[in-house]
Amino acid sequence: MLAVVPPPVTVRVPAKVNLHLAVGDLRADGYHDLVTIFQALSLTDEVTVAIAEDPGVEVHGEGADSVPTGASNLAWRAVRALAQHVGRDPDDPKVRVVIRKSIPVAGGMAGGSADAAATLVGLASLWRLEISRDELAGIAGKIGADVPFAIYGGTALGTDRGDRIVPVLSRHTFHWVLAFDRRGLSTPEVFDELDRLRADGDPPRVGEAEAVLEGLSSGDPRQLALLLGNDLQAAAVSLRPNLRRTLRAGVNAGALAGMVSGSGPTCAFLCTDGDSAVRVAAELAGAGVCRTVRVAQGPVHGARVVGTEEAPRPIPPEVHA
Ligand SMILES: C[C@@](CO)(OP(=O)(O)O)[C@H](O)COP(=O)(O)OP(=O)(O)OC[C@H]1O[C@@H](n2ccc(N)nc2=O)[C@H](O)[C@@H]1O
Ligand SMILES: Nc1ncnc2c1ncn2[C@@H]1O[C@H](COP(=O)(O)OP(=O)(O)O)[C@@H](O)[C@H]1O
């Protein structure tokens with residue numbers, strides 16, 4: 001008799017921008033309390049998970065050279081976490097993960113977290129698990145603070161470490177231009193820099209999340225643009241002063257507002273509409289202030305299966321004994 005190996009599963013998963021990021025005090029567990037509003041953008045990674053006798057992770061595309069392929073890869077941590085959760089052997093999960101990246105690495109757009117979320121969603125399908133999105137998000141939160149949001153996507157309020165997610169109804173599409181910097185920034189170093197700046201003085205703090213939620217529901221990008229804010233921006237700019245020039249160049253090119261995305265160094269520019277975003281992107285690309293420029297829209301949905309390869313392949317039973 002032949003055993004049937006399920007076909008590989010491919011999941012597309014979005015990057016995020018934080019429309020609002022309020023950072024509280026440093027906690028005893030090394031994290032900061034956050035109040036943040038995430039928006040998922042149409043800049044996506046693709047992750048394929050497959051049953052394989054040669055387990056591991058492969059990374060291709062944007063920034064692939066700087067992504068670890070061993071046990072510290074966030075997608076591999078997701079494989080182990082889900083295997084453990086469902087009683088499979090985390091040391092021998094018989095899974096291969098192939099990541100095709102478009103999200104900049106260490107860019108403040110949660111690309112590694114997105115890959116972990118995609119892996120969880122892909123494996124749930126590959127292993128035919130009866131598991132809800134909320135249960136997956138619980139596992140996701142143990143991998144990293146940003147991972148649960150990538151499971152849900154859309155627009156959402158994140159509290160606690162940023163991992164407690166409440167979806168926000170948002171019927172309007174917003175248009176963004178993203179400027180990737182030449183090198184990434186380390187998230188813990190940016191939080192440390194904020195603590196240092198706060199110990200030395202009083203860097204500006206963002207206002208209330210409620211105003212941003214109202215701006216979102218108005219659907220008017222001009223109103224939303226006045227309300228965007230990120231407590232980590234001062235720290236990212238302090239570590240990477242060139243970001244000041246990038247932010248200025250985006251606004252000079254016609255964006256309504258520019259901000260550092262999360263811990264940076266990617267800068268995100270909100271534009272009036274799709275045509276304006278294309279014009280801003282072209283001008284910014286010519287300004288020589290960043291490595292790459294992309295146009296994106298948000299919100300988009302979270303990690304979602306986009307395909308399974310061909311029909312199930314029959315293989316000899318001993319392979320999966
Ligand atoms: C800043 C944010 C904003 O959405 O995203 P990025 O800009 O990195 O994408 C997130 O809070 C990043 O989330 P994520 O990248 O998953 O963080 P984790 O791996 O869990 O934590 C990495 C480190 O960041 C710091 N950290 C993270 C989250 C948080 N609420 N407080 C923190 O102080 C801690 O030093 C922690 O050890
Ligand atoms: N699948 C992955 N993709 C990107 N980075 C990863 C991945 N797995 C582990 N990492 C590590 O996580 C760090 C943060 O990556 P990333 O999530 O892209 O940035 P950020 O936290 O700024 O949004 C990187 O420096 C990289 O070494």
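Counting starts at 1 for both ligands and their atoms, in listed order.
- If you run side-chain contact (heavy atoms from CB on, under 4.5 Å) between Val59 and each of Asp115, Asn73, Asp65, only Asn73 comes through.
- For ligand 1 and Leu232, the ligand atoms under 4.0 Å from any heavy atom of the residue are 1 (C).
- At the top of the distance list for atom 11 (C) of ligand 2, counting protein heavy atoms only, stands Pro68 CD, 4.2 Å.
- Using a 4.5 Å cut-off on side-chain heavy atoms (C-beta onward), Ile143 and Leu74 make contact.
- Under the 4.0 Å criterion applied to side-chain N and carboxylate O atoms, Arg196 and Asp200 are assigned as salt-bridge partners.
- Among all protein heavy atoms, the one lying closest to atom 9 (C) of ligand 2 is Leu74 N, 3.5 Å.
- Between Lys94 and Asp92 there is a salt bridge, with a side-chain nitrogen of the basic residue lying less than 4.0 Å from a carboxylate oxygen of the acidic one.
- Listed by number with element, the atoms of ligand 1 under 4.0 Å from a non-hydrogen atom of Phe38 are 4 (O).
- Nearest non-hydrogen protein atom to atom 31 (N) of ligand 1 is His32 N, 2.9 Å.
- Closest heavy-atom approach to atom 20 (P) of ligand 2 among the candidates Ser263, Ser261, Gly108: Gly108.
- If you take CG on Asp195 and CD on Glu193, they are separated by 9.5 Å, rounding to the nearest 0.5 Å.
- Looking only at protein heavy atoms, the nearest one to atom 21 (O) of ligand 2 is Thr187 OG1, 3.2 Å.
- Counting heavy atoms only, Val105 comes closest to atom 5 (N) of ligand 2 of the residues Ile143, Thr266, Val105, Val190.
- Considering CG of Leu232 and OG1 of Thr187, their distance stands at 8.5 Å, rounded to 0.5 Å.
- With respect to atom 25 (C) of ligand 1, the closest heavy atom belonging to the protein is Phe191 CD1, 3.4 Å.
- In summary, the atoms of ligand 2 found under 4.0 Å from a heavy atom of Gly107, numbered by their order in the structure, are 19 (O), 22 (O).
- Counting atoms of ligand 2 from 1 in the listed order, those under 4.0 Å from a heavy atom of Asp115 are 1 (N), 2 (C), 3 (N).
- Of the candidates Ala150, Ala106, Gly112, Ala106 brings a heavy atom nearest to atom 14 (C) of ligand 2.
- Atom 7 (C) of ligand 2 lies below 4.0 Å from at least one non-hydrogen atom of the protein.
- At a heavy-atom distance under 4.0 Å, only side-chain atoms of Asn18, from C-beta outward, approach ligand 1.
- Atoms of ligand 1 found under 4.0 Å from any heavy atom of Gly262, numbered from 1 in the order shown, are 7 (O).
- Within the 4.5 Å cutoff, side-chain heavy atoms of Cys271 are placed close to those of Val177.
- Contact annotation: for Ala145 versus ligand 1, heavy atoms closer than 4.0 Å belong to both the backbone and the side chain.
- Arg100 and Thr48 are linked by a side-chain donor-acceptor pair at a separation below 3.5 angstrom, with hydrogens and angles left out of the test.
- For ligand 1, the atoms lying closer than 4.0 Å to a non-hydrogen atom of Gly144 are 16 (O), 20 (O).
- Distance check, rounded to the nearest 0.5 Å: CG of Asp33 to CG of Asp25 gives 8.0 Å.
- Every atom of ligand 2 with a heavy atom of Met109 under 4.0 Å away is listed here by number and element: 23 (O).
- Nearest protein heavy-atom contact of atom 11 (O) of ligand 1 is Leu34 CD1, 3.5 Å.
- Taking 4.5 Å as the limit, some side-chain heavy atom of Leu43 sits within range of a side-chain heavy atom of Met109.
- Numbered from 1 in the order shown, with element, the atoms of ligand 1 that lie under 4.0 Å from a heavy atom of Gly30 read 33 (O), 34 (C), 35 (O).
- In Tyr31, the parts holding a heavy atom less than 4.0 Å from any atom of ligand 1 are both the side chain and the backbone.
- Residue contact check: Pro188 has heavy atoms under 4.0 Å from atoms 35 (O) of ligand 1.
- Counting heavy atoms from C-beta outward, His60 and Lys101 have side chains that stay 4.5 Å or more apart.
- We find that Glu62 and Arg291 are joined by a salt bridge, their nearest charged nitrogen and carboxylate oxygen being less than 4.0 Å apart.
- Not close to ligand 2: Gly184, with no non-hydrogen atom less than 4.0 angstrom away.
- Heavy atoms of Lys101 approach ligand 2 to within less than 4.0 angstrom.
- By the 4.5 Å heavy-atom criterion applied to side chains, Val97 and Val95 are counted as neighbours.
- Considering only non-hydrogen protein atoms, atom 23 (O) of ligand 2 sits nearest to Ala110 N, 2.7 Å.
- Looking at Asp146, Val190, Thr187, Leu185 and measuring to atom 8 (O) of ligand 1, the nearest heavy atom belongs to Thr187.
- Residue Ser72 touches ligand 2 through its backbone alone, judged by heavy-atom distances below 4.0 Å.
- In terms of protein heavy-atom proximity, atom 7 (O) of ligand 1 is closest to Ser263 N, 2.7 Å.
- Looking at Asn73 against ligand 2, both its backbone and its side chain come within 4.0 Å, counting heavy atoms.
- Val190 is listed as a side-chain neighbour of Leu239, based on a closest heavy-atom distance under 4.5 Å.
- Atoms of ligand 1 lying under 4.0 Å from at least one heavy atom of Gly108, given by number and element, are 6 (P), 7 (O), 9 (O).
- Heavy-atom contacts of Ser113 reach the following atoms of ligand 1: 16 (O) (cutoff under 4.0 Å).
- Asp163 and Tyr31 share no side-chain donor-acceptor pair at under 3.5 Å.
- Looking only at atom types and distance, the side chain of Thr10 has no donor-acceptor partner in the side chain of Glu46 under 3.5 Å away.
- Not a single donor-acceptor pair under 3.5 Å links the side chain of Asp45 to the backbone N or O of Val13.
- Sparse packing is recorded around CD of Glu208, with 12 or fewer heavy atoms of other residues, nucleotides or ligands lying under 6.0 Å away.
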